[in-house]
Protein chains: 2
Amino acid sequence: MSAGSEGRRTTLADVAARAGVDRSVISRVLSGDSRLLIRDETRQRVLDAVRELGYRPNAAARTLRTQRTGTLGLLIPDYANPVYAEIIKGAETVAAERDCVLLTGSADADRGLGSYLDLLGQGRVDGLLLAGEMASKEALDGLTADGLPWLLVNRTMRGEARHVVLDDERAAGLAVRHLVELGHTEIAHLAGPSSSNTAQRRARGYRAALREHGLEVPSSLTARTDYSADGGYRAMFQLLDAQTRPTAVFVANLASAIGALHALRTQGVDAPGAMSVIAVHDLPLVEHISPALTTVRMPLRELGRRGVELLSDLGPNDTVKEVVTGPMDVVVRESTAPPR
Amino acid sequence: MSAGSEGRRTTLADVAARAGVDRSVISRVLSGDSRLLIRDETRQRVLDAVRELGYRPNAAARTLRTQRTGTLGLLIPDYANPVYAEIIKGAETVAAERDCVLLTGSADADRGLGSYLDLLGQGRVDGLLLAGEMASKEALDGLTADGLPWLLVNRTMRGEARHVVLDDERAAGLAVRHLVELGHTEIAHLAGPSSSNTAQRRARGYRAALREHGLEVPSSLTARTDYSADGGYRAMFQLLDAQTRPTAVFVANLASAIGALHALRTQGVDAPGAMSVIAVHDLPLVEHISPALTTVRMPLRELGRRGVELLSDLGPNDTVKEVVTGPMDVVVRESTAPPR
DNA sequence: CTGAAAGCGCTTACAG
DNA sequence: CTGAAAGCGCTTACAG
């Protein structure tokens, strides 16, 4: 299919020669230029030549000329976190619908936003989605100064009005309500790291929901996890040592909940008999552990979708603050039950 | 830091004007051209101007000129599969070391290699890593015809000599040996999908290891999973219904093993008392489920690393077949024990 | 020691 | 209806 021997790719000039027209005509036919007046016969010759030669426009040349790359960047902290897997999927789907490439990369403490940007150089992406905690305010202002649109995904930042997030307060509220409706009054929170934006919002939602239901909010009922299973394991031990032991715990993420269940087993505390457990986020796996975990399912794909949609229409100096309103529901399984 | 008001980015011409030299001099200073003879004083003026203006080369222009993008593509079937998360991490690390961007994307039944390539257009990547089963032989030959180097990662393909894989046969052998050393003689296999390359190699390794230890290889002791937890759950039920119930099972991947443990609980079969379970791959999570899963830890990061290393040095017509020789070991936890 | 010039492959305003 | 020309921002062989 491709022209002759490998080595040189087909360019517009090749197609033009074959179709017997100027390069510019090929370009306009392919871009669907409406102001182009062309005989059907000529158009057909052009399209045939394109097909026969397997022509595909050179991305670098097009970008250099148009100053648009057709690429968006997505920076995440960790591929191993299934939360980001879902966000990526949603984002890729919309990007593909819009004939746009999504360039996903990871950054962490070692390799932060700065090193990612060094790699990207200038003009590799038309905009940047930043999911997670790795970007400093200075770095973001640097992006703005460079004229590169960016958008925070799944986090907010003081003094920056460019984010799309989920309703983490509401998720916490749903979890607490589920536990209250089961009859629980001593409801603990296994909170994520205080530096994490989602953790802050889930903790805030937890406290608000307790108050709303007329319950006290003793600080002894909150323990911290770093969002890992190990962290959840250790934090659950803390809760079990508290003055008054809770009968239920709202856990800020899945991995911590799995660690928490482990701690309960270790200590011979029956779940859900002596301790109900509900966590934010859902995965097929949690149906298969014991007890199967009750969760609050979050619209993560929708979050990724909206991220790309908003970023596509965002100028470098625009602002946007959006809370995704996708479906969010409590998936009741075995790990929650009335207190006994 | 960036020059003046946002809108136009700094180009070589801006830097040249500031430093009072020709654009070509700036370019050669930055690229470290050894044949460039330049006074220290001039060099310093150039570097100062670069720094003061925050100049970064335009990627598209450089690519158009050099025909190199400094970008490698990595195509995976599914971000939610932690196996690929590890491969990506290894690949990104090496790519960053080599000042190269890794563009990761996913393709599946709906959006296959073809649509990914359509998005990439021409000249977006210097090479392509393909991890998983989504590429047909025709598509690969198309890449070769286009002069684009590619490499299969974690899979082989008949008639194509361009892959880097793990030693799945050896992993299966280690698992079987662990079970044999515990005293098991009725060892089943919960195999991955017959279409999957890794699944085939693990199944082959399983059979070879049984024979090596002088054990029979009855086909009734193999059941199929689609690599999901649900699949493992269903497949375990099949094994439990077999004529002679095995005392141990070697499971082809983690998710299936978690489903299999669930099936055992459901049927009241004690693990490891009545059934030992060992699976390929390892994750922090499996330490926290009950029973904590015995696994064969695979050098997935090393696989990603080698993928990028090999691809970087690969011409479009070269061949390479490599088995990664990273550390691979049995992590003994609670799910395996002597038969009772 | 440094500069002028060509050209990578496109797109698009303009000319006829 | 179609073509000629300029120019996006680099790199590099060549000239002096």
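Fair warning: this is a prediction, and the values are worked out from it, not measured in the lab. Proteins get letters first, then strands, A, B, ... in listed order; numbering begins at 1 in each.
- Among the protein residues, B/Thr63 comes within range of no part of the nucleic acid, since none of its heavy atoms lies under 4.0 Å from any strand.
- Among the heavy atoms of the strands lying under 4.0 Å from A/Leu12 is at least one base atom, whether or not backbone atoms are also near.
- The footprint of chain B on DNA chain D, defined by a heavy-atom cutoff below 4.0 Å, extends from D/dG9 to D/dC14.
- For B/Lys137, the salt bridge (Lys or Arg N to Asp or Glu O under 4.0 Å) criterion is met by B/Asp141, B/Glu160, not counting sequence neighbours.
- Of all heavy-atom pairs spanning A/Leu12 and A/Tyr55, the tightest one is CD1-OH, 3.4 Å.
- In the model, B/Asp22 has a side-chain atom that pairs as donor or acceptor with a side-chain atom of B/Ser24 under 3.5 Å.
- Contact of the A/Thr63 side chain with the B/Thr63 side chain is not registered, since no non-hydrogen atoms from C-beta on lie closer than 4.5 Å.
- Side-chain contact of B/Ser195 with B/Glu133: a donor-acceptor pair under 3.5 Å is absent, judged by distance alone.
- Environment of CZ in A/Arg98: crowded, with over 12 heavy atoms of neighbouring residues, nucleotides or ligands closer than 6.0 Å.
- Contact check of residues 22-29 of chain B against DNA chain D (heavy atom, cut-off under 4.0 Å) returns B/Arg23, B/Ser24, B/Ser27, B/Arg28.
- Side-chain polar atoms of A/Arg162 and A/Thr144 form no donor-acceptor pair below 3.5 angstrom.
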Annotated structure of DNA chain D as dot-bracket, pair cut-off 3.5 Å, Watson-Crick or G-U only, | for inter-strand, is |||.||||||||.|||
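- Listed by chain and residue number, nothing satisfies the salt bridge (Lys or Arg N to Asp or Glu O under 4.0 Å) test with B/Arg62 (two or more places apart in sequence, or in another chain).
- Taking B/Arg301 as the reference, B/Glu86 meet the salt bridge (Lys or Arg N to Asp or Glu O under 4.0 Å) condition, with sequence neighbours excluded.
- Counting any heavy atom pair closer than 4.0 Å across all strands shown, A/Thr42 reaches sugar-phosphate atoms only and no base atom.
- Among all heavy-atom pairs drawn from B/Asn154 and B/Val165, the shortest one is C-CG1, 3.9 Å.
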